[in-house]
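In each ligand, atom 1 is the first atom listed, and ligand 1 is the first ligand listed. Values reported hereafter were calculated over all heavy atoms of this structure, with side chains retained and with hydrogens, waters and symmetry mates removed.
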Amino acid sequence: MSSIVLSVVVPMYNEEAVIPALVERLRPALDGLGVSYEVVAVDDGSADRTAQLLFENGRTWPELRLIKLRHNSGHQAALTAGLHRSLGEWVVSIDADLQDPPETIAEMLHTAQEHGLDVVYGVRSDRSTDTFFKRHTAGAYYKLMRRMVGADVPSQAGDFRLLSREVVDVLKVLPERTPVYRLLVPSLGFSSGKVAYAREKRAAGETKYPLRKMVALAWDSAANFSAAPLRIATWLGAIAFAACIALMIFGIVVYSNGTVIPGWTSLFLAVLLLSAVQLICLGLLGEYVARIYKTVQNRPTFHIGFDSAAAEPPAIPQQRTAAGAR
Ligand code: UDP
Ligand code: MG
């Protein structure tokens, strides 16, 4: 085990404006913890002076590490890079813009250690500083995700969370290309707790999540956890097939009345039947593609938390709990 107790992963994209404020607030919060730590600042291919400023700050703040991605790869990819490179026994991910208060990290670490938890989510209790648009799109997003992934997904928990080394090691071996950690972590089923915090205003600069990136995150979230879009073809096929039977009867009635031009009935029926059959076959293919996709994702189907026959049985783990909630 490394000697670093806590790693703090901070993804940053064009955040030069916020770096001075971040350093000023994050450093005392971490120094005050009284444990060894590192800050893993991931520069997500910024076009501004983010990397340079981080590097300069690293001269006077030896715990500050800089990891620079070659090009802008997105928030979740930057988080992945940070998780893979972090060395601590605990890893916290936090936004650079001080919307997640760094002082909450102490409470997260304390909650995890006191209750023996593997995951502690930072849950936004107050989003009044977010825009009307952000609050409502986020509300709809969490509602949908809880329906798709399950009730284990805490609503209003973004990417401010604490993970144990064990969780990070599980995440590191997953081959997923587009992980969405706020859904992936709860789906692994580790013992977890929550710490509530008030979402603050962005300290400087502007949001790095334009609508385009929000839509991409929502689509990744849906496609990572649900084969529902692939099933659309099956459902359309079934509906088309039912419609086809009704229209067949209609076609035959019209034909027997003799009011149609020759060839219409056979053509009409052939088009209906073939398109229904095609959609059903597409849906079938989709079902198998979904299974291949699941296999490729290679998520653990179970995770053993305790085995009394293990060589060195660990202390009986806490129940899966939200004991840390307050
Ligand atoms: N971010 C990133 N790469 C991106 C977009 C965002 O690393 O392509 C980082 C950004 O620097 C910040 C965090 O992700 O630390 C959250 O972004 P932001 O605060 O702009 O999102 P919002 O709070 O507006 O949803
Ligand atoms: Mg923000």
**Student:** Return the orientation label for the Phe268 and Trp264 ring planes: parallel under 30°, perpendicular over 60°, tilted otherwise.
**Tutor:**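 Judged by the thresholds at 30° and 60°, the geometry between Phe268 and Trp264 is parallel.
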
**Student:** Of all the atoms in Asp97, is at least one N, O or S atom closer to the Mg ion (ligand 2) than 2.8 Å?
**Tutor:** yes

**Student:** Starting from atom 25 (O) of ligand 1, what is the nearest protein heavy atom, named by residue and atom, and what distance separates them?
**Tutor:**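 Looking at atom 25 (O) of ligand 1, the protein heavy atom closest to it is Lys134 NZ, 2.7 Å.
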
**Student:** So Met108 and Tyr121, do their side chains get closer than 4.5 Å, heavy atoms only?
**Tutor:** no

**Student:** Hey, looking at atom 4 (C) of ligand 1, which of Leu79, Asp44, Val42 has the closest heavy atom?
**Tutor:** Asp44

**Student:** Would you please test Tyr197 and Phe160 for ring-ring contact (aromatic ring centres under 6.0 Å, His included) and show each step?
**Tutor:** CA-CA 10 Å; Tyr197 71 98; Phe160 186 26; 5.2 Å; yes

**Student:** Atom 24 (O) of ligand 1: which of Val18, Ile94, Thr207, Asp100 has the nearest heavy atom?
**Tutor:** Thr207

**Student:** Taking the side chain as C-beta and beyond, is there a heavy-atom pair between Arg199 and Gln156 under 4.5 Å?
**Tutor:** no

**Student:** What are the two closest heavy atoms between Val9 and Leu83, and how far apart are they?
**Tutor:** CG2-N, 4.3 Å

**Student:** Could you say whether the N/O atoms of Ala78 and ligand 1 ever approach to under 3.5 Å?
**Tutor:** no

**Student:** Of the backbone atoms (N, CA, C, O) and the side-chain heavy atoms from C-beta on, which set of Glu15 has a member under 4.0 Å from an atom of ligand 1: side chain, backbone, both, or neither?
**Tutor:** side chain

**Student:** Contact between Lys213 and ligand 1, counting heavy atoms under 4.0 Å?
**Tutor:**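 The answer is yes: ligand 1 sits under 4.0 Å from a heavy atom of Lys213.
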
**Student:** Is the closest heavy-atom distance from Gln76 to ligand 1 below 4.0 Å?
**Tutor:** no

